[in-house]
Participant: 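Just dropping this structure here.
Chain letters run A, B, ... following the sequence lines, proteins first, then strands; residues in each count from 1.
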Amino acid sequence: MELRAVKGMNDILPDEIGRWQRLEAIFRRTVELYGYREVRTPIVEPTQLFVRSIGEATDVVEKEMYSFQRHDNELTLRPEGTAGAARAYLEHKIHAREPVSRWYYLGPMFRGERPAKGRYRQFYQAGAELYGEAGPLCDAEMIDMLARFLQQLGIEQVEVLVNSLGGPATRLRYRQALLDFFTPRSAQLSEDSQRRLEKNPLRILDSKSPHDQALCAEAPSILDVLDDEDRAHFDGLLAHLDALKTPYRVDPRLVRGLDYYTRTLFELRGTGGELGAQNALGGGGRYDRMIGELHGPETPCIGFALGLERLLLAMAPAPETSPGWVYVAPLGAEAQREALRLASELRSAGIEARVDGRGQKLNRMLPRASNSGARFCVIVGEGELARGVVALKDLQAHAQEEPPRAQLVQRLREILGGEATR
RNA sequence: GUGGGUGUAGCUCAGUCGGUAGAGCACCGGAUUGUGGUUCCGGUUGUCGCGGGUUCAAUCCCCGUCACUCACCCCA
């Protein structure tokens with residue numbers, strides 16, 4: 001094989017697609033119950049959009065973007081969904097049309113990282129954004145929506161972490177507090193964290209080194225440096241979550257890798273074994289300053305994104321449920337033409353049908369029918385043609401009957417309908 | 001970018017202390033001129049990832065390389 005898929009980009013074959021479609025359907029159904037509506041934005045955006053919104057100094061922008069030049073435009077395959085949605089929100093002046101907007105999206109994102117379990121260069125995210133509401137009520141409701149979604153998926157082993165980063169001033173104050181704390185102790189930090197100390201001290205809190213973790217336990221907490229308004233927002237969030245009975249855990253050391261977050265921050269962390277090291281199922285937070293920084297009107301926003309591959313790893317494998325389709329087995333040339341007409345009628349009646357066109361013996365077609373997962377096999381041969389009937393075999397029940405050809409659809413409906421109401 | 005693991009049939013893998021390969025599953029045909037998931041018989045499928053070195057001889061040993069994979073970094 002000389003031509004293969006690009007590293008880190010995978011095919012999703014038909015035998016896996018059922019799980020994807022189920023996941024996506026549950027996502028859509030859940031968020032639509034909260035009033036969210038889908039938005040579809042381009043996969044390619046101006047590079048500057050991501051530089052300005054995600055932050056120039058983040059890893060995503062610095063070294064992971066798929067950027068290219070086309071004529072005179074600097075373009076990038078989107079590494080996440082929030083920036084494009086914000087651009088669309090601004091471009092279409094949605095803020096002037098309605099005070100509050102609830103949008104969701106679903107689709108591929110691209111980051112040039114080294115692939116690992118649950119992490120790919122083309123990966124799929126589902127996310128939602130809420131524009132125009134600043135209060136903690138919608139923060140709590142969004143987290144509750146995520147909890148409901150995971151529950152619908154049957155993912156039990158998950159933890160909801162919440163934190164507040166405060167506003168920009170708080171964030172600067174906290175950054176300084178961390179510098180003051182870690183700089184005299186930098187010798188005790190891991191190599192990675194020493195680098196973080198210079199670049200982005202907040203990320204030290206995220207370190208997986210046990211030694212760093214122990215040190216972080218003594219570091220100042222951001223919750224202690226929140227100003228009064230930040231504090232009131234955070235307390236409000238927790239009170240609303242309590243009222244909703246949404247389980248959560250406050251983690252003052254929760255930080256995330258994108259620069260745009262302010263105040264509320266949350267993350268869903270899988271605790272099951274399937275996930276490996278990539279246990280962040282999704283996360284998000286408030287980004288009240290982004291629209292303003294993109295030269296729009298100051299608009300409070302909150303959003304999240306979920307990694308679909310990781311959710312699939314965490315999901316219990318659900319049994320495929322199919323109402324049962326029909327395998328049509330014709331014996332002979334005349335029967336084949338009749339089989340085509342029969343299958344066509346079945347489809348018109350909304351029943352899935354496939355005709356065996358390989359023209360073989362019955363004792364070859366029947367095993368194929370069973371192995372292919374068909375519920376019924378309809379056999380058409382000379383005898384049936386002559387008598388104006390078909391042989392209808394229920395492969396599951398090992399039963400066979402011979403309804404008149406004209407009554408086949410009706411008979412199948414009876415069998416399937418009888419089960420549906422049971 | 002860093003470190004580890006693995007590359008043998010469509011799939012899962014075995015194997016050769018160095019003598020150019022096997023099993024199960026799958027697929028195809030027959031037992032059975034029209035009745036299945038079982039059984040029996042037979043059959044097809046391989047540049048042993050790629051390149052080089054050592055050797056009379058390399059799938060096996062050595063070096064390189066590529067791919068996949070896991071972890072780190074970062075993130076979903």
Side-chain angles (χ1 to χ4, degrees), chain A residues 1-8 10 15 54 57-65 78-82 106-127 146 190-196 199-200 203-204 206-209 212 255-258 266-270 275-284 303-314 327 329-332 335 356 358 360-385 391-400 402:
Chain A
M1 268 301 288
E2 53 197 65
L3 292 177
R4 359 172 74 252
V6 173
K7 186 188 187 73
N10 305 114
D15 59 349
I54 298 173
T58 56
D59 274 38
V60 171
V61 169
E62 260 181 8
K63 49 189 195 197
E64 296 174 358
M65 295 207 300
R78 63 183 185 190
E80 52 100 64
T82 297
L106 196 64
M109 308 293 165
F110 303 84
R111 291 183 201 173
E113 300 174 279
R114 187 85 167 256
K117 189 188 185 87
R119 188 182 56 197
Y120 308 101
R121 291 186 173 175
Q122 174 172 335
F123 60 102
Y124 292 80
Q125 281 191 337
L146 284 170
S190 66
E191 215 172 294
D192 283 329
S193 287
Q194 291 187 17
R195 200 165 33 76
R196 293 182 182 113
K199 223 180 107 192
N200 189 351
R203 296 224 59 85
I204 296 176
D206 218 14
S207 171
K208 279 171 189 162
S209 148
D212 289 354
V255 292
R256 314 201 78 245
L258 309 177
F266 53 89
E267 185 166 302
L268 304 170
R269 207 166 281 175
L275 286 163
Q278 270 67 45
N279 63 350
L281 296 172
F304 68 82
L306 297 159
L308 300 193
E309 287 87 353
R310 295 181 187 182
L311 288 170
L312 285 169
L313 285 172
Y327 193 101
L331 293 158
D356 189 319
R358 297 211 270 174
Q360 282 177 316
K361 289 181 282 189
L362 192 55
N363 66 350
R364 290 294 160 196
M365 288 197 279
L366 274 174
R368 275 210 292 275
S370 306
N371 293 331
S372 67
R375 167 71 194 278
F376 300 100
C377 184
V378 168
I379 303 162
V380 193
E382 285 173 24
E384 286 82 6
L385 282 174
L392 171 61
K393 230 175 150 46
D394 188 330
L395 295 166
Q396 211 169 292
H398 294 268
Q400 181 163 342
E402 237 179 37

Participant: Provide the distance between the two C1' atoms, one in B/G19 and one in B/A58, to the nearest whole Å.
Facilitator: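 So the two C1' atoms sit 10 Å from each other.
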Participant: Look at all strands and tell whether A/R364 reaches a base, only sugar-phosphate, or nothing, counting heavy atoms closer than 4.0 Å.
Facilitator: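 Result for A/R364 = base.
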Participant: Counting only Watson-Crick or G-U wobble pairs whose two distances fall under 3.5 Å, which nucleotide matches B/U65?
Facilitator: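 Checking every strand shown, B/U65 finds its partner in B/G49, with both distances under 3.5 Å.
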Participant: For A/R78 and B/C75, give me the distance from atom CZ to atom C1', rounded to whole Å.
Facilitator: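 After rounding, the gap between these two atoms is 17 Å.
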Participant: Rounding to an integer number of Å, can you tell me how far A/M365 CE sits from B/U33 C1'?
Facilitator: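 Checked: the CE to C1' distance equals 14 Å.
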Participant: If I pick the P atom on B/A76 and the same atom on B/G15, what distance separates them, to the nearest angstrom?
Facilitator: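 About 43 Å, rounded to a whole number of Å.
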Participant: Could you check whether the side chain of A/R114 and the base of B/C73 have a donor-acceptor pair of N or O atoms closer than 3.5 Å, going by distance alone?
Facilitator: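 Answer no: no donor N or O sits under 3.5 Å from an acceptor.
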Participant: Is A/L281 touching bases, backbone alone, or none of the nucleic acid, heavy atoms closer than 4.0 Å?
Facilitator: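 Since only primed, P, OP1 and OP2 atoms lie under 4.0 Å of A/L281, the category is sugar-phosphate.
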Participant: Under the 3.5 angstrom rule, does the side chain of A/D192 hit a backbone N or O of A/S207 as a donor-acceptor pair?
Facilitator: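 Not at all, since once roles are kept as given, no pair shorter than 3.5 Å links the two residues.
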Participant: Ignoring hydrogens, what is the shortest heavy-atom contact between A/R119 and A/R114? Give both atom names and the distance.
Facilitator: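 That closest heavy-atom pairing would be NH2-O, 2.9 Å.
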Participant: What is the distance, to the nearest angstrom, from the CE atom on A/M65 to the P atom on B/C74?
Facilitator: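 Distance check: A/M65 CE to B/C74 P gives 18 Å.
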Participant: Quick one: label A/G282 by what it contacts on the DNA or RNA (base, sugar-phosphate, nothing), any heavy atom closer than 4.0 Å.
Facilitator: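 Sugar-phosphate, backbone atoms only, no base.
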Participant: Could you tell me whether a side-chain N or O of A/R111 sits under 3.5 Å from a main-chain N or O of A/P79, the two making a donor and an acceptor?
Facilitator: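 Present.
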Participant: Both distances below 3.5 Å, Watson-Crick or wobble geometry, any strand: find the nucleotide opposite B/U55.
Facilitator: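 Base partner found: none.
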Participant: Partner of B/U2 by Watson-Crick or G-U wobble geometry, both contacts under 3.5 Å, or none?
Facilitator: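 The answer is B/A71, by the H-bond criterion.
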Participant: May I ask you to say what A/A369 touches in the nucleic acid, namely base, sugar-phosphate or nothing, with a heavy-atom cut-off under 4.0 Å?
Facilitator: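 Counting heavy atoms under 4.0 Å across all strands, no contact is made by A/A369.
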Participant: Does a distance-only test, which skips hydrogens and angles, find a donor-acceptor pair under 3.5 Å between the side chain of A/R196 and the base of B/C74?
Facilitator: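 No, no donor-acceptor pair under 3.5 Å.
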Participant: When you check the phosphate oxygens OP1 and OP2 of B/G30, does a side-chain N or O of A/K361 lie under 4.0 Å from one of them?
Facilitator: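 So the side chain of A/K361 is within the cut-off, an N or O lying under 4.0 Å from OP1 or OP2 of B/G30.
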Participant: Taking the side chain of A/E64 as heavy atoms from C-beta outward, which of B/A76, B/C74, B/C28 is closest to it?
Facilitator: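 Per side-chain heavy atoms of A/E64, the pick is B/C74.
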Participant: Taking the C1' atom in each of B/A9 and B/U45, what is the distance between them to the nearest angstrom?
Facilitator: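 Those two atoms are separated by 6 Å.
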Participant: Under 3.5 Å, is there a donor-acceptor pair between the side chain of A/R78 and the main chain of A/P108?
Facilitator: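 Judged by distance alone, yes, a pair lies under 3.5 Å.
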Participant: Test your reading of the model: is there a side-chain donor-acceptor pair from A/E384 to the backbone of A/G381, 3.5 Å cut-off?
Facilitator: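 Yes, because the side chain of A/E384 sits within donor-acceptor range (under 3.5 Å) of the backbone of A/G381.
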Participant: Looking for any heavy atom pair under 4.0 Å, which part of the strands does A/G383 touch: base, sugar-phosphate only, or nothing?
Facilitator: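 Contact class for A/G383: base.
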Participant: Please state how far atom CZ in A/F110 lies from atom P in B/A76, giving the value in whole angstrom units.
Facilitator: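 My rounded result for the distance is 16 Å.
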Participant: A/E382 CD to B/G34 P: how many Å, rounded?
Facilitator: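 Computing the A/E382:CD to B/G34:P distance gives 10 Å.
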Participant: Rounding to an integer number of angstrom, what distance separates B/U55 and B/U12 when you compare their P atoms?
Facilitator: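 Taking atom P in both B/U55 and B/U12, they lie 38 Å apart.
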Participant: Which is true for A/E267 with a 4.0 Å heavy-atom rule: it touches a base, it touches only sugar-phosphate, or it touches nothing?
Facilitator: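 Nothing: the residue A/E267, judged by heavy atoms under 4.0 Å, touches no strand.
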Participant: Start at the 5' end of RNA chain B and walk down; is the nucleotide closest to A/K7 or to A/D192 reached first?
Facilitator: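 The residue closer to the strand's 5' end, by nearest nucleotide, is A/K7.
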Participant: Taking atom CD as the centre, does A/Q400 end up with more than 12 heavy-atom neighbours from other residues, nucleotides or ligands that are less than 6.0 angstrom away?
Facilitator: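 Yes, CD of A/Q400 has more than 12 neighbouring heavy atoms, counting only those of other groups under 6.0 Å.
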Participant: Distance between the P atoms of B/C60 and B/G51, in whole angstroms?
Facilitator: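 Pairwise P distance, B/C60 against B/G51, rounds to 12 Å.
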Participant: Base of B/G1, side chain of A/E113 - is there a donor-acceptor contact under 3.5 Å?
Facilitator: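 By the distance-only test, no, there is no pair.
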Participant: I'd like to know if the side chain of A/R375 and the backbone of A/L395 have a donor-acceptor N/O pair within less than 3.5 Å.
Facilitator: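 No, because the side chain of A/R375 does not come within donor-acceptor range (under 3.5 Å) of the backbone of A/L395.
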Participant: From A/K361 NZ over to A/L331 CG, what is the distance, rounded to the nearest 0.5 angstrom?
Facilitator: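 Reported to 0.5 Å precision, the distance equals 11.5 Å.
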Participant: When rounded to the nearest Å, what value does the distance between P atoms of B/C50 and B/U35 take?
Facilitator: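 Going atom to atom, P in each nucleotide, I get 47 Å.
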Participant: For a quick check of understanding: with a heavy-atom distance under 4.0 Å over all strands, which category does A/Y120 fall into, base, sugar-phosphate or nothing?
Facilitator: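 It contacts base atoms.
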Participant: Mind checking if A/K393 touches a base, just sugar-phosphate, or nothing, with heavy atoms under 4.0 Å?
Facilitator: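 Result for A/K393 = base.
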Participant: How close or far is atom P of B/C72 from atom CD1 of A/I204, stated in whole angstroms?
Facilitator: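 Interatomic distance, CD1 of A/I204 to P of B/C72: 18 Å.
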Participant: If you only use heavy atoms from C-beta on, which nucleotide in B/G30, B/C74, B/C75 is closest to the side chain of A/D59?
Facilitator: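 So the nucleotide nearest the side chain must be B/C74.
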Participant: With a 4.0 Å limit, can you tell me whether A/R203 has a side-chain N or O closer than that to the phosphate oxygens OP1/OP2 of B/C73?
Facilitator: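 For B/C73, neither OP1 nor OP2 has a side-chain N or O of A/R203 closer than 4.0 Å.
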Participant: Using every non-hydrogen atom in the two residues, find where A/R121 and A/G112 come nearest and quote the distance to one decimal.
Facilitator: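 Closest approach of A/R121 to A/G112: NE-C, 4.1 Å.
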Participant: Between A/N363 and A/L366, which is nearer to the 5' end of RNA chain B once each is assigned its nearest nucleotide?
Facilitator: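 The residue mapped nearer the 5' terminus is A/N363.
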Participant: Would you measure the distance from the P atom in B/U59 across to the matching atom in B/C48 and give it in whole Å?
Facilitator: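 Straight-line distance between the two P atoms is 7 Å.
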Participant: Which base sits across from B/A23 as a Watson-Crick or G-U pair, both distances under 3.5 Å?
Facilitator: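 Across all strands, the one nucleotide that pairs with B/A23 is B/U12.
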Participant: Counting only Watson-Crick pairs (N1-N3 plus N6-O4 or O6-N4) and G-U wobbles (N1-O2, O6-N3), all under 3.5 Å, who is the partner of B/G29?
Facilitator: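 Its partner is B/C41.
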Participant: For B/A21 and B/U2, measure between their P atoms and round to the nearest Å.
Facilitator: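 To the nearest whole Å, 39 Å.
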Participant: Check the interface with nucleotides 37-41 of chain B: list each N/O to N/O pair with the protein under 3.5 Å, or write none.
Facilitator:
from  : atom 1 : to     : atom 2 : distance (Å)
B/G37 : O6     : A/L395 : O      : 2.3
B/G37 : O6     : A/H398 : NE2    : 2.8

Participant: Could you check whether any side-chain N or O of A/R310 sits under 3.5 Å from a backbone N or O of A/L281, counting only pairs where one atom can act as donor and the other as acceptor?
Facilitator: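 No: the side chain of A/R310 does not pair with the backbone of A/L281.
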Participant: Between the side chain of A/E309 and the main-chain N/O of A/Y124, is any donor-acceptor distance below 3.5 Å?
Facilitator: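 Yes, because the side chain of A/E309 sits within donor-acceptor range (under 3.5 Å) of the backbone of A/Y124.
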Participant: Would you mind reading off the distance between A/R368 atom CZ and B/C27 atom C1', rounded to a whole angstrom?
Facilitator: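 A/R368 atom CZ is separated from B/C27 atom C1' by 11 Å.
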Participant: Nearest whole Å is fine: how far is B/U35 C1' from A/D356 CG?
Facilitator: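 Going from CG in A/D356 over to C1' in B/U35 covers 14 Å.
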